[in-house]
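Written below as C-alpha coordinates is the structure these notes are about.
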Amino acid sequence: MKNIVILGSTGSIGTQSLEVCEKEGFKVKALTAGKNSKLLEEQARKLKPEICALQDETAAADLKLRLKDTDIKVLSGKDGILEAASQSCDMVLNSIVGIAGLLPTLSAIEAGNDIALANKETLVTGGVIVNREAKRRGVKILPVDSEHSAIFQSLVGAPEGSLKKIILTCSGGPFFSKTRSDLENVTAKDALKHPNWDMGAKITIDSATLMNKGLEVIEAVHLFGISADDIEVLVHRQSILHSGVELSDGAVIAQLGTPDMRLPIQYALTYPARSNNAFERLSLADIGTLTFERPDTNTFRALPLCIEAINKGGLYPTAVNGANEEAVSLFLQGKIKFLQIAELAEKAMLNTENKQSFTVEDILNTDKAARQLVKDFVS
(Lines give C-alpha, C1' and ligand atoms only; values in the text may rest on other atoms or scores of the structure.)
Protein backbone atom coordinates (compact mmCIF):
# COMPACT_ATOMS: atom_id res chain seq x y z
CA MET A 1 0.00 0.00 0.00
CA LYS A 2 1.25 3.47 -0.91
CA ASN A 3 0.74 6.55 1.25
CA ILE A 4 -0.39 9.49 -0.89
CA VAL A 5 -0.86 13.21 -0.22
CA ILE A 6 -3.24 15.03 -2.58
CA LEU A 7 -2.78 18.79 -2.92
CA GLY A 8 -5.84 20.41 -4.50
CA SER A 9 -8.15 17.48 -3.83
CA THR A 10 -11.42 19.29 -4.58
CA GLY A 11 -10.50 20.26 -8.15
CA SER A 12 -10.95 18.25 -11.34
CA ILE A 13 -7.58 16.46 -11.14
CA GLY A 14 -7.82 16.08 -7.38
CA THR A 15 -11.21 14.36 -7.41
CA GLN A 16 -10.09 11.98 -10.16
CA SER A 17 -6.89 11.28 -8.24
CA LEU A 18 -8.92 10.24 -5.21
CA GLU A 19 -10.93 7.92 -7.43
CA VAL A 20 -7.69 6.27 -8.56
CA CYS A 21 -6.41 6.04 -4.97
CA GLU A 22 -9.61 4.31 -3.88
CA LYS A 23 -9.40 1.86 -6.77
CA GLU A 24 -5.76 1.04 -6.00
CA GLY A 25 -6.32 0.75 -2.26
CA PHE A 26 -3.82 3.52 -1.48
CA LYS A 27 -3.84 5.27 1.88
CA VAL A 28 -4.59 8.99 1.49
CA LYS A 29 -2.53 10.60 4.23
CA ALA A 30 -3.41 14.27 3.68
CA LEU A 31 -5.80 16.38 1.61
CA THR A 32 -5.66 20.08 0.82
CA ALA A 33 -7.91 22.56 -0.96
CA GLY A 34 -8.46 26.27 -1.39
CA LYS A 35 -11.76 27.01 0.31
CA ASN A 36 -14.27 24.24 -0.50
CA SER A 37 -14.80 23.03 3.07
CA LYS A 38 -18.00 21.13 2.26
CA LEU A 39 -16.45 18.90 -0.40
CA LEU A 40 -13.25 18.46 1.60
CA GLU A 41 -15.34 17.29 4.56
CA GLU A 42 -17.03 14.68 2.34
CA GLN A 43 -13.65 13.49 1.06
CA ALA A 44 -12.19 13.40 4.57
CA ARG A 45 -15.04 11.36 6.02
CA LYS A 46 -14.76 8.87 3.18
CA LEU A 47 -10.97 8.51 3.03
CA LYS A 48 -10.02 9.31 6.65
CA PRO A 49 -6.73 11.20 6.09
CA GLU A 50 -4.61 12.22 9.04
CA ILE A 51 -4.53 15.85 7.92
CA CYS A 52 -6.75 18.27 5.98
CA ALA A 53 -5.63 21.79 5.10
CA LEU A 54 -7.47 24.72 3.55
CA GLN A 55 -5.76 27.82 2.21
CA ASP A 56 -8.69 30.03 3.21
CA GLU A 57 -8.65 30.67 6.97
CA THR A 58 -12.44 31.07 7.28
CA ALA A 59 -13.08 27.88 5.32
CA ALA A 60 -10.55 26.06 7.51
CA ALA A 61 -12.37 27.18 10.66
CA ASP A 62 -15.60 25.89 9.13
CA LEU A 63 -13.97 22.53 8.29
CA LYS A 64 -12.63 22.21 11.82
CA LEU A 65 -16.19 22.47 13.13
CA ARG A 66 -17.46 20.02 10.54
CA LEU A 67 -14.81 17.44 11.51
CA LYS A 68 -14.82 18.02 15.28
CA ASP A 69 -16.16 14.49 15.86
CA THR A 70 -13.12 12.96 14.11
CA ASP A 71 -9.39 12.67 14.84
CA ILE A 72 -8.47 14.47 11.62
CA LYS A 73 -6.10 17.39 12.13
CA VAL A 74 -7.26 20.54 10.33
CA LEU A 75 -4.65 23.07 9.21
CA SER A 76 -5.06 26.48 7.59
CA GLY A 77 -3.34 29.02 5.39
CA LYS A 78 -0.15 28.71 3.39
CA ASP A 79 1.70 27.14 6.31
CA GLY A 80 -0.99 24.48 6.62
CA ILE A 81 -0.67 23.55 2.94
CA LEU A 82 3.12 23.36 3.26
CA GLU A 83 2.86 21.15 6.35
CA ALA A 84 0.54 18.78 4.50
CA ALA A 85 2.95 18.65 1.55
CA SER A 86 5.81 17.83 3.93
CA GLN A 87 4.17 14.75 5.44
CA SER A 88 6.27 11.60 5.11
CA CYS A 89 4.67 9.62 2.27
CA ASP A 90 5.39 7.69 -0.92
CA MET A 91 4.13 10.42 -3.24
CA VAL A 92 2.65 13.92 -3.24
CA LEU A 93 0.26 14.59 -6.10
CA ASN A 94 0.20 18.34 -6.68
CA SER A 95 -2.90 19.50 -8.55
CA ILE A 96 -3.05 23.01 -7.08
CA VAL A 97 -3.92 25.59 -9.74
CA GLY A 98 -1.34 28.24 -10.62
CA ILE A 99 1.89 29.45 -9.06
CA ALA A 100 0.40 28.67 -5.65
CA GLY A 101 1.67 25.14 -6.30
CA LEU A 102 5.36 26.11 -6.37
CA LEU A 103 6.13 26.34 -2.65
CA PRO A 104 4.22 23.13 -1.79
CA THR A 105 6.24 21.28 -4.43
CA LEU A 106 9.47 22.55 -2.94
CA SER A 107 8.29 21.60 0.57
CA ALA A 108 7.43 18.09 -0.60
CA ILE A 109 10.84 17.75 -2.26
CA GLU A 110 12.62 18.98 0.87
CA ALA A 111 10.79 16.25 2.82
CA GLY A 112 12.10 13.69 0.32
CA ASN A 113 8.70 12.90 -1.20
CA ASP A 114 8.39 11.88 -4.83
CA ILE A 115 6.11 14.18 -6.85
CA ALA A 116 3.26 13.42 -9.23
CA LEU A 117 3.03 16.82 -10.88
CA ALA A 118 -0.20 18.19 -12.31
CA ASN A 119 0.76 21.78 -11.47
CA LYS A 120 2.66 22.93 -14.54
CA GLU A 121 3.34 26.37 -13.05
CA THR A 122 5.79 24.75 -10.63
CA LEU A 123 8.17 24.10 -13.53
CA VAL A 124 7.14 27.08 -15.66
CA THR A 125 8.23 29.51 -12.94
CA GLY A 126 10.74 27.55 -10.88
CA GLY A 127 11.93 24.72 -13.11
CA VAL A 128 15.63 25.38 -12.60
CA ILE A 129 15.30 25.50 -8.81
CA VAL A 130 12.86 22.57 -8.60
CA ASN A 131 15.05 20.30 -10.74
CA ARG A 132 18.14 21.24 -8.73
CA GLU A 133 16.44 20.49 -5.41
CA ALA A 134 14.89 17.25 -6.68
CA LYS A 135 18.31 16.05 -7.83
CA ARG A 136 19.84 17.02 -4.49
CA ARG A 137 17.21 15.08 -2.54
CA GLY A 138 16.99 12.14 -4.96
CA VAL A 139 13.31 12.85 -5.62
CA LYS A 140 11.48 11.67 -8.75
CA ILE A 141 9.11 14.04 -10.57
CA LEU A 142 6.49 12.15 -12.58
CA PRO A 143 4.26 14.14 -14.95
CA VAL A 144 0.47 13.95 -14.66
CA ASP A 145 -0.48 16.29 -17.53
CA SER A 146 -1.75 14.01 -20.31
CA GLU A 147 0.77 15.36 -22.82
CA HIS A 148 3.83 15.10 -20.59
CA SER A 149 2.75 11.71 -19.34
CA ALA A 150 2.51 10.62 -22.99
CA ILE A 151 6.05 11.89 -23.64
CA PHE A 152 7.30 10.18 -20.48
CA GLN A 153 5.64 6.90 -21.48
CA SER A 154 7.02 7.17 -25.03
CA LEU A 155 10.55 7.46 -23.64
CA VAL A 156 10.36 4.29 -21.52
CA GLY A 157 13.17 2.08 -22.79
CA ALA A 158 14.73 4.78 -24.98
CA PRO A 159 18.52 5.00 -24.53
CA GLU A 160 19.82 8.09 -22.78
CA GLY A 161 20.60 10.83 -25.29
CA SER A 162 18.38 9.39 -28.02
CA LEU A 163 15.58 12.01 -27.74
CA LYS A 164 15.73 14.35 -30.73
CA LYS A 165 12.29 15.95 -30.86
CA ILE A 166 9.12 16.16 -28.80
CA ILE A 167 5.78 16.17 -30.59
CA LEU A 168 3.38 18.06 -28.32
CA THR A 169 -0.27 17.85 -29.35
CA CYS A 170 -3.20 20.10 -28.53
CA SER A 171 -6.90 20.01 -29.35
CA GLY A 172 -6.94 23.58 -30.63
CA GLY A 173 -9.66 24.44 -28.12
CA PRO A 174 -13.11 25.83 -28.94
CA PHE A 175 -11.80 28.52 -31.31
CA PHE A 176 -9.82 26.39 -33.75
CA SER A 177 -9.72 27.98 -37.25
CA LYS A 178 -11.06 31.31 -35.96
CA THR A 179 -9.37 34.57 -36.94
CA ARG A 180 -8.47 37.46 -34.67
CA SER A 181 -11.49 39.38 -35.89
CA ASP A 182 -13.68 36.36 -35.05
CA LEU A 183 -12.32 36.39 -31.50
CA GLU A 184 -12.67 40.11 -30.86
CA ASN A 185 -15.85 39.81 -28.81
CA VAL A 186 -16.05 36.17 -27.68
CA THR A 187 -17.25 35.64 -24.11
CA ALA A 188 -16.07 33.46 -21.25
CA LYS A 189 -19.08 31.21 -21.90
CA ASP A 190 -17.84 30.69 -25.47
CA ALA A 191 -14.28 30.00 -24.34
CA LEU A 192 -15.34 27.44 -21.72
CA LYS A 193 -16.84 25.11 -24.33
CA HIS A 194 -13.86 22.77 -24.73
CA PRO A 195 -14.49 20.17 -27.45
CA ASN A 196 -12.91 17.15 -25.72
CA TRP A 197 -11.83 17.64 -22.11
CA ASP A 198 -13.76 18.40 -18.92
CA MET A 199 -11.42 20.67 -16.95
CA GLY A 200 -11.46 23.57 -14.52
CA ALA A 201 -12.25 27.08 -15.77
CA LYS A 202 -8.69 28.44 -15.71
CA ILE A 203 -7.09 25.64 -17.72
CA THR A 204 -10.04 25.62 -20.13
CA ILE A 205 -9.49 29.31 -20.91
CA ASP A 206 -5.75 28.62 -21.26
CA SER A 207 -6.63 25.91 -23.77
CA ALA A 208 -8.74 28.38 -25.74
CA THR A 209 -5.89 30.92 -25.96
CA LEU A 210 -3.24 28.18 -26.51
CA MET A 211 -1.48 29.61 -23.45
CA ASN A 212 -1.82 26.15 -21.92
CA LYS A 213 0.19 24.69 -24.78
CA GLY A 214 2.80 27.41 -24.45
CA LEU A 215 3.17 26.70 -20.73
CA GLU A 216 3.44 23.00 -21.56
CA VAL A 217 6.34 23.76 -23.92
CA ILE A 218 8.12 25.44 -21.01
CA GLU A 219 7.27 22.53 -18.72
CA ALA A 220 8.59 20.02 -21.26
CA VAL A 221 11.90 21.90 -21.50
CA HIS A 222 12.42 21.41 -17.76
CA LEU A 223 11.05 17.86 -17.57
CA PHE A 224 12.94 16.38 -20.50
CA GLY A 225 16.02 18.57 -20.87
CA ILE A 226 15.33 19.59 -24.46
CA SER A 227 15.24 23.05 -26.03
CA ALA A 228 11.98 24.68 -27.12
CA ASP A 229 13.32 24.66 -30.68
CA ASP A 230 13.15 20.85 -30.58
CA ILE A 231 9.48 20.78 -29.55
CA GLU A 232 6.91 20.65 -32.34
CA VAL A 233 3.38 21.69 -31.40
CA LEU A 234 0.62 20.15 -33.52
CA VAL A 235 -3.13 20.67 -33.40
CA HIS A 236 -4.78 17.26 -33.10
CA ARG A 237 -8.53 17.81 -32.90
CA GLN A 238 -9.43 14.30 -31.81
CA SER A 239 -7.31 14.35 -28.59
CA ILE A 240 -6.40 10.69 -29.06
CA LEU A 241 -2.63 10.89 -29.67
CA HIS A 242 -1.62 12.68 -26.49
CA SER A 243 1.98 13.42 -27.53
CA GLY A 244 5.08 11.59 -28.67
CA VAL A 245 8.79 11.69 -29.39
CA GLU A 246 11.17 11.35 -32.31
CA LEU A 247 14.33 9.41 -31.48
CA SER A 248 17.80 9.64 -32.97
CA ASP A 249 17.15 6.92 -35.57
CA GLY A 250 14.01 8.68 -36.84
CA ALA A 251 11.54 6.40 -35.06
CA VAL A 252 8.46 8.22 -33.76
CA ILE A 253 6.84 6.77 -30.65
CA ALA A 254 3.59 8.13 -29.21
CA GLN A 255 0.97 7.30 -26.59
CA LEU A 256 -2.67 7.09 -27.63
CA GLY A 257 -5.80 6.70 -25.56
CA THR A 258 -9.23 8.11 -24.83
CA PRO A 259 -9.26 11.65 -23.35
CA ASP A 260 -9.47 10.50 -19.73
CA MET A 261 -7.21 12.11 -17.13
CA ARG A 262 -7.49 9.09 -14.83
CA LEU A 263 -5.06 7.19 -17.07
CA PRO A 264 -2.04 9.54 -16.63
CA ILE A 265 -2.97 10.00 -12.96
CA GLN A 266 -2.97 6.24 -12.42
CA TYR A 267 0.31 5.79 -14.30
CA ALA A 268 2.05 8.40 -12.14
CA LEU A 269 0.71 6.94 -8.89
CA THR A 270 1.46 3.30 -9.76
CA TYR A 271 4.69 3.80 -11.77
CA PRO A 272 6.46 1.71 -12.94
CA ALA A 273 3.54 -0.75 -12.73
CA ARG A 274 0.54 -0.66 -15.06
CA SER A 275 -2.63 -1.36 -13.17
CA ASN A 276 -5.86 -2.83 -14.52
CA ASN A 277 -8.87 -0.54 -14.66
CA ALA A 278 -12.35 -0.22 -16.12
CA PHE A 279 -11.65 2.99 -18.04
CA GLU A 280 -13.04 3.30 -21.55
CA ARG A 281 -10.81 1.54 -24.09
CA LEU A 282 -9.70 3.17 -27.32
CA SER A 283 -11.11 1.88 -30.60
CA LEU A 284 -9.17 3.30 -33.53
CA ALA A 285 -11.73 1.82 -35.92
CA ASP A 286 -14.45 3.85 -34.23
CA ILE A 287 -12.31 7.00 -34.33
CA GLY A 288 -11.53 6.42 -38.00
CA THR A 289 -9.35 9.45 -38.71
CA LEU A 290 -6.60 11.25 -36.84
CA THR A 291 -5.58 14.69 -38.13
CA PHE A 292 -2.61 16.94 -37.39
CA GLU A 293 -2.08 20.60 -38.29
CA ARG A 294 0.31 23.37 -37.37
CA PRO A 295 -1.14 25.92 -34.93
CA ASP A 296 -2.07 29.44 -36.07
CA THR A 297 0.47 31.42 -34.07
CA ASN A 298 -0.58 34.71 -35.65
CA THR A 299 -4.06 34.43 -34.16
CA PHE A 300 -3.11 32.65 -30.95
CA ARG A 301 -0.20 34.78 -29.77
CA ALA A 302 0.15 33.14 -26.36
CA LEU A 303 1.95 30.11 -27.80
CA PRO A 304 4.85 31.94 -29.51
CA LEU A 305 5.03 34.29 -26.51
CA CYS A 306 5.74 31.36 -24.18
CA ILE A 307 8.35 29.99 -26.58
CA GLU A 308 10.05 33.39 -26.66
CA ALA A 309 9.93 33.54 -22.85
CA ILE A 310 11.60 30.15 -22.31
CA ASN A 311 14.17 30.79 -25.05
CA LYS A 312 15.17 34.01 -23.27
CA GLY A 313 14.89 32.25 -19.92
CA GLY A 314 15.28 33.70 -16.48
CA LEU A 315 12.19 35.33 -15.01
CA TYR A 316 10.35 35.86 -18.28
CA PRO A 317 8.27 32.67 -18.01
CA THR A 318 7.21 33.73 -14.51
CA ALA A 319 6.07 37.13 -15.77
CA VAL A 320 4.05 35.59 -18.59
CA ASN A 321 2.47 33.05 -16.27
CA GLY A 322 1.59 35.55 -13.54
CA ALA A 323 0.07 38.04 -15.95
CA ASN A 324 -1.88 35.26 -17.63
CA GLU A 325 -3.32 33.99 -14.34
CA GLU A 326 -4.54 37.49 -13.48
CA ALA A 327 -5.80 38.21 -16.99
CA VAL A 328 -7.77 34.94 -17.16
CA SER A 329 -9.45 35.85 -13.87
CA LEU A 330 -10.43 39.25 -15.27
CA PHE A 331 -11.69 37.71 -18.51
CA LEU A 332 -13.86 35.27 -16.56
CA GLN A 333 -15.29 38.30 -14.75
CA GLY A 334 -15.99 40.04 -18.08
CA LYS A 335 -13.53 42.87 -17.36
CA ILE A 336 -11.19 42.36 -20.34
CA LYS A 337 -11.51 40.88 -23.82
CA PHE A 338 -10.25 37.46 -24.88
CA LEU A 339 -7.41 38.72 -27.08
CA GLN A 340 -6.18 41.00 -24.31
CA ILE A 341 -5.10 37.99 -22.23
CA ALA A 342 -2.05 37.29 -24.41
CA GLU A 343 -1.46 41.02 -24.99
CA LEU A 344 -1.21 41.68 -21.26
CA ALA A 345 1.05 38.67 -20.74
CA GLU A 346 3.41 40.03 -23.39
CA LYS A 347 3.32 43.49 -21.84
CA ALA A 348 4.24 42.00 -18.47
CA MET A 349 7.20 40.15 -19.96
CA LEU A 350 8.46 43.25 -21.71
CA ASN A 351 8.25 45.19 -18.44
CA THR A 352 10.17 42.59 -16.43
CA GLU A 353 13.78 43.13 -15.43
CA ASN A 354 15.15 39.72 -16.29
CA LYS A 355 17.66 37.67 -14.30
CA GLN A 356 19.21 34.41 -15.43
CA SER A 357 20.20 33.56 -11.85
CA PHE A 358 17.28 33.97 -9.46
CA THR A 359 15.78 32.87 -6.16
CA VAL A 360 12.30 31.77 -5.11
CA GLU A 361 11.83 35.29 -3.73
CA ASP A 362 12.65 36.72 -7.17
CA ILE A 363 10.01 34.43 -8.70
CA LEU A 364 7.34 35.53 -6.23
CA ASN A 365 8.22 39.22 -6.66
CA THR A 366 8.11 38.93 -10.45
CA ASP A 367 4.77 37.14 -10.26
CA LYS A 368 3.37 39.88 -8.01
CA ALA A 369 4.60 42.65 -10.32
CA ALA A 370 3.13 40.95 -13.41
CA ARG A 371 -0.24 40.58 -11.70
CA GLN A 372 -0.19 44.21 -10.60
CA LEU A 373 0.49 45.35 -14.16
CA VAL A 374 -2.64 43.52 -15.30
CA LYS A 375 -4.72 44.89 -12.41
CA ASP A 376 -3.57 48.41 -13.23
CA PHE A 377 -4.82 47.96 -16.78
CA VAL A 378 -8.43 47.77 -15.60
CA SER A 379 -8.23 50.15 -12.62
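Residue indices begin at 1 and follow the sequence shown.
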Inset, instruction - Go through the side-chain N and O atoms of Thr359 and Asp362 and say whether any donor and acceptor fall under 3.5 Å apart. - result: yes

Legend entry - Neighbour count above 12 (heavy atom, 6.0 Å) for Asp69 CG: yes

Legend entry - Side chain to side chain, Glu216 and Val233, heavy atoms closer than 4.5 Å: no

Legend entry - Heavy-atom donor-acceptor pair, Asp56 side chain to Gly34 backbone, under 3.5 Å: no

Legend entry - Pairwise side-chain contact, Glu121 with Glu325, heavy-atom cut-off 4.5 Å (strictly under): yes

Inset, instruction - Could you check if a side-chain atom of Ser275 sits within less than 4.5 angstrom of a side-chain atom of Lys23, using non-hydrogen atoms only? - result: yes

Inset, instruction - Please confirm whether the backbone N or O of Leu373 pairs with a side-chain atom of Asp376, one donor and one acceptor, at under 3.5 Å? - result: no

Inset, instruction - Indicate yes or no: at least one non-hydrogen side-chain atom of Ser88 is less than 4.5 angstrom from one of Lys29. - result: yes

Inset, instruction - Would you check if Arg45 and Leu67 make a side-chain contact, meaning some heavy-atom pair closer than 4.5 Å? - result: yes

Legend entry - Spacing of CD1 belonging to Ile265 relative to CG belonging to Leu142, to within rounding of 0.5 Å: 13.0 Å

Legend entry - Under 3.5 Å: donor-acceptor pair, side chain of Ser207, backbone of Ile203: no

Inset, instruction - Measure the shortest side-chain to side-chain distance between Val5 and Cys89 over non-hydrogen atoms and say whether it is less than 4.5 angstrom. - result: yes

Inset, instruction - Determine the interplanar angle of the Phe224 and His148 rings, folded into 0 to 90°, and report it as parallel if under 30°, tilted if 30 to 60°, perpendicular if over 60°. - result: parallel

Inset, instruction - Compute whether any side-chain donor of one residue and acceptor of the other, for Thr270 and Glu24, lie under 3.5 angstrom apart. - result: no

Legend entry - Charged N-O contact under 4.0 Å between Arg237 and Glu293: no

Legend entry - Exercise: do Thr15 and Glu19 side chains pair donor with acceptor under 3.5 Å: no

Legend entry - Euclidean distance, Tyr316 OH relative to Ile218 CD1, rounded to 0.5 Å: 13.5 Å

Inset, instruction - Check whether any side-chain N or O of Lys355 sits under 3.5 Å from a backbone N or O of Leu315 as a donor-acceptor pair, and report yes or no. - result: no

Legend entry - Residue Arg281 excluded, over 12 heavy atoms near CZ under 6.0 Å: yes

Legend entry - salt_bridge(Lys73, Glu83) N-O dist < 4.0 Å: yes

Inset, instruction - Enter the distance from Thr318:OG1 to Ile363:CD1 here, rounded to the nearest 0.5 Å. - result: 5.0 Å

Legend entry - Lys35 NZ: over 12 foreign heavy atoms closer than 6.0 Å: no

Legend entry - Donor-acceptor pair, side chain of Asp206 and main chain of Met211, under 3.5 angstrom: no

Legend entry - Flag, side chain of Gln238 to backbone of Thr291, donor-acceptor distance under 3.5 Å: yes

Legend entry - Within 6.0 Å of CD in Glu184, more than 12 heavy atoms from elsewhere: yes

Inset, instruction - Please determine, by modelled atom types, if Gln255 and Ser154 share a side-chain donor-acceptor pair under 3.5 angstrom. - result: no

Legend entry - Evaluation steps, side-chain contact (heavy atoms from CB on, under 4.5 Å), between Lys2 and Lys27: CA-CA 6 Å; Lys2 286 187 177 181; Lys27 166 66 177 174; over 6 Å; no

Inset, instruction - Could you tell me which residues satisfy ring-ring contact (aromatic ring centres under 6.0 Å, His included) with Phe152, sequence neighbours excluded, listed by chain and number? - result: Tyr271

Legend entry - Closest approach of Ala208 to Ala191 (non-hydrogen atoms, all atoms of both residues): CB-O, 3.9 Å

Legend entry - Euclidean distance, Cys52 SG relative to Leu40 CG, rounded to 0.5 Å: 4.5 Å

Inset, instruction - Determine whether more than 12 heavy atoms belonging to other residues, nucleotides or ligands lie under 6.0 Å from atom CD of Gln356. - result: yes

Inset, instruction - Indicate, with yes or no, if Phe292 and Ile167 share a hydrophobic cluster defined by side-chain heavy-atom contacts under 4.5 Å among Ile, Leu, Val, Met, Phe, Trp and Tyr. - result: yes

Legend entry - Co-membership, hydrophobic cluster, residues Leu256 and Tyr267, 4.5 Å side-chain: no

Inset, instruction - Is it possible for you to say whether Leu103 and Val128 belong to one hydrophobic cluster, with membership spreading through side-chain heavy-atom contacts below 4.5 Å? - result: no

Legend entry - Side-chain (Asn321) to main-chain (Pro317) donor-acceptor, under 3.5 angstrom: no

Legend entry - Straight-line distance of Ile166 CD1 to Ile151 CD1, nearest 0.5 Å: 4.5 Å

Inset, instruction - Decide, yes or no, whether a salt bridge links Glu326 with Lys368 under the criterion of side-chain N to carboxylate O below 4.0 Å. - result: no

Inset, instruction - May I ask you to decide whether Glu42 forms a salt bridge with Lys46, counting only side-chain N to carboxylate O separations under 4.0 Å? - result: no

Legend entry - Glu41/Lys38 salt bridge by N-O under 4.0 Å criterion: no

Legend entry - Pairing of Lys312 and Glu308 as salt bridge, 4.0 angstrom limit: yes

Inset, instruction - Taking the side chain as every heavy atom from C-beta outward, state whether Pro259 and Ser146 have any atom pair closer than 4.5 Å. - result: no

Legend entry - Pair Asn212, Lys120: side-chain N/O donor-acceptor within cut-off below 3.5 Å: yes

Inset, instruction - Show your working on side-chain contact (heavy atoms from CB on, under 4.5 Å) between Leu18 and Leu47 and close with a plain yes or no. - result: CA-CA 9 Å; Leu18 292 181; Leu47 297 161; 3.6 Å; yes

Inset, instruction - Would you kindly confirm whether Val378 and Leu332 end up in one hydrophobic cluster when ILVMFWY residues are joined by side chain heavy atoms under 4.5 Å apart? - result: yes

Legend entry - Joint hydrophobic cluster, Leu303 plus Val235, side-chain heavy atoms closer than 4.5 Å: no

Inset, instruction - Return yes if some donor-acceptor pair links the side-chain N/O of Asn3 with the main-chain N/O of Val28 below 3.5 Å, else return no. - result: no

Inset, instruction - Run through Val360, Ile141, Leu117 and flag the one making a side-chain contact (heavy atoms from CB on, under 4.5 Å) with Val130. - result: Ile141

Legend entry - Side-chain H-bond candidate by donor/acceptor type, Ser37 with Asp62, under 3.5 Å: yes

Inset, instruction - Compare all side-chain heavy atoms of Ile13 with those of Asn119 and state whether any distance is below 4.5 angstrom. - result: no

Inset, instruction - Scan for salt bridge (Lys or Arg N to Asp or Glu O under 4.0 Å) pairs involving residues 166-180, sequence neighbours excluded, and state none if there are none. - result: Arg180-Glu343

Legend entry - Candidate pair Asn131 and His222, rule side-chain contact (heavy atoms from CB on, under 4.5 Å), full reasoning: CA-CA 8 Å; Asn131 281 338; His222 292 296; 3.8 Å; yes

Inset, instruction - Starting from the C-alpha separation in whole Å, work towards a yes-or-no answer on side-chain contact (heavy atoms from CB on, under 4.5 Å) for Ile205 and Ile341. - result: CA-CA 10 Å; Ile205 299 301; Ile341 297 173; 3.9 Å; yes

Legend entry - Nearest-0.5 Å distance that lies between atom CG in Leu106 and atom CZ in Arg132: 9.0 Å

Inset, instruction - Looking only at non-hydrogen atoms, find the nearest pair between Met349 and Leu305 and report the distance. - result: CE-CD1, 3.9 Å

Inset, instruction - Would you check if the side chain of Ser95 reaches a backbone N or O of Gly8 as a donor-acceptor pair within less than 3.5 Å? - result: yes

Legend entry - Short side-chain donor-acceptor distance under 3.5 Å, Glu110 and Ser86: no

Legend entry - Backbone of Leu263 reached by a side-chain donor or acceptor of Asn277 within 3.5 Å: no

Inset, instruction - Would you please say whether a donor-acceptor pair under 3.5 Å links the side chains of Asn94 and Thr105? - result: yes

Legend entry - Distance-only side-chain donor-acceptor flag, Glu280 / Thr258, under 3.5 Å: no

